[in-house]
Enquirer: 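Sharing a structure here in structure tokens format.
These figures come from a predicted structure and were not determined experimentally. Positions are given from 1, in the same order as the sequence printed here.
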Amino acid sequence: LGIGKKNSCKMLFLKWIYLGFGLITSSHVCMSAGEIYTSLLNVKEAIAIEQTLIDTLGTYIDHELERLEDLKRFHSRVSDLHNAVYNGSTTAMANPLIAFTLIKRLQSEWANLVYSNEASENTQALRSGFKALEASLPKMEDLQGAAKALMRLQDVYALQVGSLTRGRFQRAARGDPVDIYRPAVSVPLSGDDCFLVGKVAYELGDFYHSVPWLEESVRLFRGSGGAWRPENQGTLEDALDHLAFSHFKEGNVSYALSLSQELLHRDPMNGRVLQNVEKYETLLVQSTSLPVSQGVGMRRPNSTALRTRNTYERLCQTRGSQPKHYENQRLFCDYFTNGDPVLLLQPIRREVQSLQPYVVLYHNFITDKEAEDIKTLSQQGLRRSVVASGEKQETADYRISKSAWLKDSASVLMGQMDRRIARLTGLNVRTPYGEYLQVVNYGIGGHYEPHFDHATSASSPVFKLKTGNRVATFMIYLSSVEAGGSTAFIYANFSVPVVKNAALFWWNLHRNGRGDEDTLHAGCPVLVGDKWVANKWIHEHGQEFRRRCALDPEE
């Protein structure tokens, strides 16, 4: 290629980068910076962005290969001259043509190669392509959120970190790893992957989680010979450093010393590590309360927001295997009509999950197409889900998802959903007695820890509609998931799996208007899959003659 043709190619390359960026920014407007991890829809969009980066890098490599071929050709030509001509008879040096070409190469050709802008132009084109997409790339908050999600899954489903690094979802049973789910597609984690997860926990002061992840990082880095790769953020030395201090904070001074000595062997000039070694040695000599071989044992951090953690995690681990109808003869399945003329012609399959609280699952409530239409309608409006905090609403780590509200005017489908819900429940679900349909897409390890749907405080935003409290919840499963994501009722002690196109209904309030504490429920973390739900919350007002008060004021 001539110089002019190469420059033309580069200009076309840069133009293609910016045109491509324009297409991406227009088609992915709903991706919010720092919130990619909160919705799997955003993760899918990130795949498209990386594909553009792959194409950009591929073009850069092609241009660099062309440049290297030119260098190799020049190198080969000059080497051949030295071997065949300059090392030959002295008469060759007397040839003015040979002398001229030698002087020309030394005066201009070598300089043209050494100071050529081609390499920097190729690099600049690559960097321009990356910079054009940089605003849409995951932020540190996304990386931290994804790392926390892995730790959440590790805890809730009692997963072994060593298995996760191999792309397996396993827990220990009688000392042996047992698959709780085997994904059709998975990837192993690298030493750098594990280092970043461990580092997130480390920076939070969560050494209970940093230790197993950094242990795996050290093992994997050691297995690769400690070789550094340019795409890595961490090294074996970094992992050893963080792991040593994590063990020290967990009380295992002996192991912290051993790891620090290994690190010092690899980096003998590190004065800080040398000070740590001296400190650990002094502590071991002075201390008689700590055993030499082990610390005080790792303790899982307490959760102030989750007081029912053990029950919550046990119910999530059952993955919706409860309740068992044969254990409670009062639970049943039937074809439900509710005395409605439409349902008399086409009854719906009802599965009673619980009587206290009253929870039922309506199978095949919507069609596949309706579910897809609702998801499509909501995509542009998805925003980070919030929780009530006094009179305000704010984001929280105990609810990881994105949600959108679909007004009645969004589609004729909204009216169809309302009429269908009204037939099944016998309630008035029209606005403002029923809230707009809320569509939720869960993110990486997406979950919603135990909570009530009804307001428990007079200052709650729920009362802004001035139609009373949320008397009932109607939750539609718009998708299936491969594993996890069950709806767990904590005090009632059962969990319901995700059943695509089904709808879950329960009463939040007793007939006297008091909140039913047995409705404390949670959305278990999604282990594998893309979970979508749609919530319809129905308020007290408008139901006076549809759900009457009981004769017993305590009911």
Enquirer: Do K199 and D238 meet the salt-bridge criterion of a basic N to acidic O distance under 4.0 Å?
Expert: no
Enquirer: Taking the basic N atoms (NZ, or NE/NH1/NH2) and the acidic carboxylate oxygens, is any pair closer than 4.0 Å for D155 and R152?
Expert: no
Enquirer: Any chance you could lay out the salt bridge (charged side-chain N to carboxylate O under 4.0 Å, His left out) test for K148 and E141, step after step, and finish with the verdict?
Expert: CA-CA 10 Å; K148 290 177 183 177; E141 179 187 349; over 6 Å; no
Enquirer: Quick test of your reading: applying salt bridge (Lys or Arg N to Asp or Glu O under 4.0 Å), list the pairs with at least one residue in residues 204-219, sequence neighbours left out, ordered by first then second residue.
Expert: E216-R219
Enquirer: Tell me if the centroids of the rings in H242 and F195 come within less than 6.0 Å of each other.
Expert: yes
Enquirer: Which heavy atom of R182 sits nearest to which heavy atom of D179, and what is that distance?
Expert: NH2-OD2, 2.6 Å
Enquirer: Check I49 against L133 and note the closest heavy-atom contact, atom names and distance.
Expert: O-CD1, 4.2 Å
Enquirer: Looking at R229 and D192, is any side-chain nitrogen of the basic one under 4.0 Å from a carboxylate oxygen of the acidic one?
Expert: no
Enquirer: To check you understand the geometry: which heavy-atom pair defines the closest contact between S486 and V498, and what is its length?
Expert: N-CG2, 4.5 Å
Enquirer: Measure the spacing between CD of E372 and CH2 of W532 and express it to the nearest 0.5 Å.
Expert: 9.0 Å
Enquirer: CG/L137 to CG/D142 distance, rounded to the nearest 0.5 angstrom?
Expert: 10.0 Å
Enquirer: Before we go on, tell me: are the rings of Y280 and F248 under 6.0 Å apart, centre to centre?
Expert: yes
Enquirer: Can you tell me how far the CG atom of L259 sits from the CG atom of L264, to the nearest 0.5 Å?
Expert: 12.5 Å
Enquirer: With a cut-off of 6.0 Å (strictly less than), are more than 12 heavy atoms of other residues, nucleotides or ligands near CH2 of W405?
Expert: yes
Enquirer: Answer with yes or no whether the side chains of T376 and D373 bring together a donor and an acceptor at under 3.5 Å.
Expert: no
Enquirer: Compare all side-chain heavy atoms of C524 with those of Y157 and state whether any distance is below 4.5 angstrom.
Expert: yes
Enquirer: Take N501 and T367 through the side chain to side chain contact (heavy atoms under 4.5 Å, CB included) test and state the conclusion after the steps.
Expert: CA-CA 6 Å; N501 296 344; T367 65; 5.7 Å; no
Enquirer: Look at R272 together with D241 and state whether they make a salt bridge at an N to O cut-off of under 4.0 Å.
Expert: yes
Enquirer: Using a 6.0 Å distance limit plus a 45 degree cone around the ring axis, check whether K531 lies over the aromatic ring of Y442.
Expert: yes
Enquirer: Does atom CZ of R127 have more than 12 heavy-atom neighbours, drawn from other residues, nucleotides or ligands, at distances under 6.0 Å?
Expert: no
Enquirer: Can you see which heavy atom on C316 is nearest to which on V156, and at what distance?
Expert: CB-CG1, 3.7 Å
Enquirer: CD of E50: more than 12 outside heavy atoms within 6.0 angstrom?
Expert: no
Enquirer: State plainly whether the residues R266 and E237 are in salt-bridge range, i.e. N to O under 4.0 Å.
Expert: yes
Enquirer: Just do the side chain to side chain contact (heavy atoms under 4.5 Å, CB included) check on C194 and L220 with the steps written out, would you?
Expert: CA-CA 9 Å; C194 295; L220 291 168; 3.9 Å; yes
Enquirer: Could you check whether D55 and Q51, counting side-chain N and O atoms only, form a donor-acceptor pair closer than 3.5 Å?
Expert: yes
Enquirer: For S260 and N276, does a side-chain donor sit closer than 3.5 Å to a side-chain acceptor?
Expert: no
Enquirer: Would D62 and T59 count as having a side-chain donor-acceptor pair, cut-off 3.5 Å?
Expert: no
Enquirer: I need the R383 CZ to E35 CD distance, nearest 0.5 Å.
Expert: 9.0 Å
Enquirer: When rounded to the nearest 0.5 angstrom, what distance separates CD in E394 from OG in S385?
Expert: 13.5 Å
Enquirer: Looking at CD of Q154 and CG of L159, how far apart are the two atoms once the value is rounded to the nearest 0.5 Å?
Expert: 7.5 Å
Enquirer: Which heavy atom in V440 sits nearest to a heavy atom in S403, and how many Å separate them?
Expert: CG2-CB, 3.9 Å
Enquirer: Would you be so kind as to tabulate the donor-acceptor pairs closer than 3.5 Å made by side chains of residues 71-78, with sequence neighbours excluded?
Expert:
residue: K72; atom: NZ; partner: E69; partner atom: OE2; Å: 3.4
residue: R77; atom: NH2; partner: E109; partner atom: OE1; Å: 3.1

Enquirer: Using only heavy-atom distances, determine whether the side chains of S128 and Q124 contain a donor-acceptor pair under 3.5 Å.
Expert: yes
Enquirer: Considering non-hydrogen atoms only, spot the tightest contact between Q160 and P177 and give its length.
Expert: OE1-CB, 3.3 Å
